[in-house]
Amino acid sequence: MIKITSTLKSVDIHALLTRDSQFSLYEKEILAASSHALIYQAGSRVSLQAQTAGLQIYWLAQGSLLLEEPCRNGSTYYTYLKAGMYFPADLELTRQETLVSSLHFCEDSVVLAIPFKCFEDLKVRSKHFFNVVHASMLEKYLLQKQIQEQCTAGQITERLQNILIFFGQECGEQLSSGDVKLPSVLTYDTIASFAHTSVQTVGQKVKQFRQGGILSDQSRKLIISRTIFEQGLSYKTAL
């Protein structure tokens with residue numbers, strides 16, 4: 001894993017691809033010659049708009065992020081992506097040309113920017129690369145399905161706890177006390193979107209969670225109690 005600091009300005013793409021076991025040597029050579037790496041620290045927020053010329057595919061090589069996309073009805077939709085997943089999906093490219101997406105980085109991340117033509121050519125030339133892309137799409141689909149199940153199970157209190165524990169497990173930072181700090185990009189707005197509720201309701205529930213010991217009342221940040229976090233993981237494992 002590449003350690004990302006505020007002073008790190010670039011990443012050796014050859015070294016990055018050497019660490020990646022998904023791609024074959026041939027694919028790594030092509031990607032290294034045509035792509036470039038983008039680095040972001042946890043908590044970074046970036047606006048992204050695909051242009052008609054020079055479209056790129058963004059492959060998440062390290063870390064995790066929330067992809068925020070506007071819906072036609074004016075609401076916002078979030079997609080959680082982990083290392084080994086890419087965006088936008090091939091079928092989304094036309095729509096992406098006119099809509100601005102925002103990237104919210106949950107962890108220190110490295111993104112591989114691949115020219116769309118190179119990406120498509122590799123899919124045709126290399127059956128292995130085609131299979132890697134297909135597996136990435138399937139993993140992305142299953143992950144979003146898992147999140148949706150967490151977001152619709154039970155009443156609002158249970159749904160919110162599920163969401164907090166899920167992201168605590170996926171991209172939270174375990175503190176020396178054993179408590180788990182959630183990423184700063186997981187805001188009330190984001191949680192409300194996942195839970196299909198209002199920001200006001202999230203604020204009220206978070207206040208109750210602090211009073212009930214589910215969340216730490218010693219910090220304004222969202223920090224899950226070690227006991228609650230471990231109980232939540234044990235419950236999910238039992239299921």
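Residue numbers count from 1 along this sequence.
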Exercise for the section: If you link ILVMFWY side chains whenever their heavy atoms are less than 4.5 Å apart, which other residues fall into the same cluster as Phe130? By chain and number, please. Expected result: none
Problem - Any residue meeting side chain to side chain donor-acceptor pair (under 3.5 Å) with Lys117, in chain and number order, not counting sequence neighbours - result: Asp121
Practice task
Only counting residues at least two apart or in another chain, list the ones meeting side-chain contact (heavy atoms from CB on, under 4.5 Å) with Glu173.
Solution key: Leu175, Lys181
Completion exercise
Residue pairs meeting salt bridge (charged side-chain N to carboxylate O under 4.0 Å, His left out), one or both in residues 143-156, sequence neighbours left out, come to none
Exercise for the section: Please check if the side chain of Asp179 supplies one atom and the backbone of Ser225 the other of a donor-acceptor pair under 3.5 Å. Expected result: no
Practice task
May I have all residue pairs that pass side chain to side chain donor-acceptor pair (under 3.5 Å) and include part of residues 126-137, sequence neighbours excluded?
Solution key: Glu27-Ser126, Glu27-His128
Handout entry: Those residues that, when tested against Thr197, pass side chain to side chain donor-acceptor pair (under 3.5 Å) (two or more places apart)
Key = none
Problem - Flag, side chain of Arg210 to backbone of Leu222, donor-acceptor distance under 3.5 Å - result: no
Exercise for the section: Return the set of residues passing side chain to side chain donor-acceptor pair (under 3.5 Å) with Ser184 (not counting sequence neighbours), or none when no residue passes. Expected result: none
Exercise for the section: Sequence neighbours left out, what passes side chain to side chain donor-acceptor pair (under 3.5 Å) with Lys82? Give chain and number order. Expected result: Glu170
Fill in the blank from the handout: The side chain to side chain contact (heavy atoms under 4.5 Å, CB included) partner of Ser64 among His104, Glu107, Met85 is Glu107
Problem - Contacts of type side-chain contact (heavy atoms from CB on, under 4.5 Å), residue Ile147, not counting sequence neighbours - result: Tyr80, Leu143, Gln144, Cys151, Phe166, Phe194
Problem - For Arg226, salt bridge (charged side-chain N to carboxylate O under 4.0 Å, His left out) partners two or more places apart - result: Glu230
Completion exercise
Sorted by chain and residue number, the side-chain contact (heavy atoms from CB on, under 4.5 Å) partners of Ala135 (sequence neighbours excluded) come out as none
Practice task
Would you please name every residue forming a side-chain contact (heavy atoms from CB on, under 4.5 Å) with Gln218, sequence neighbours left out?
Solution key: Ser216
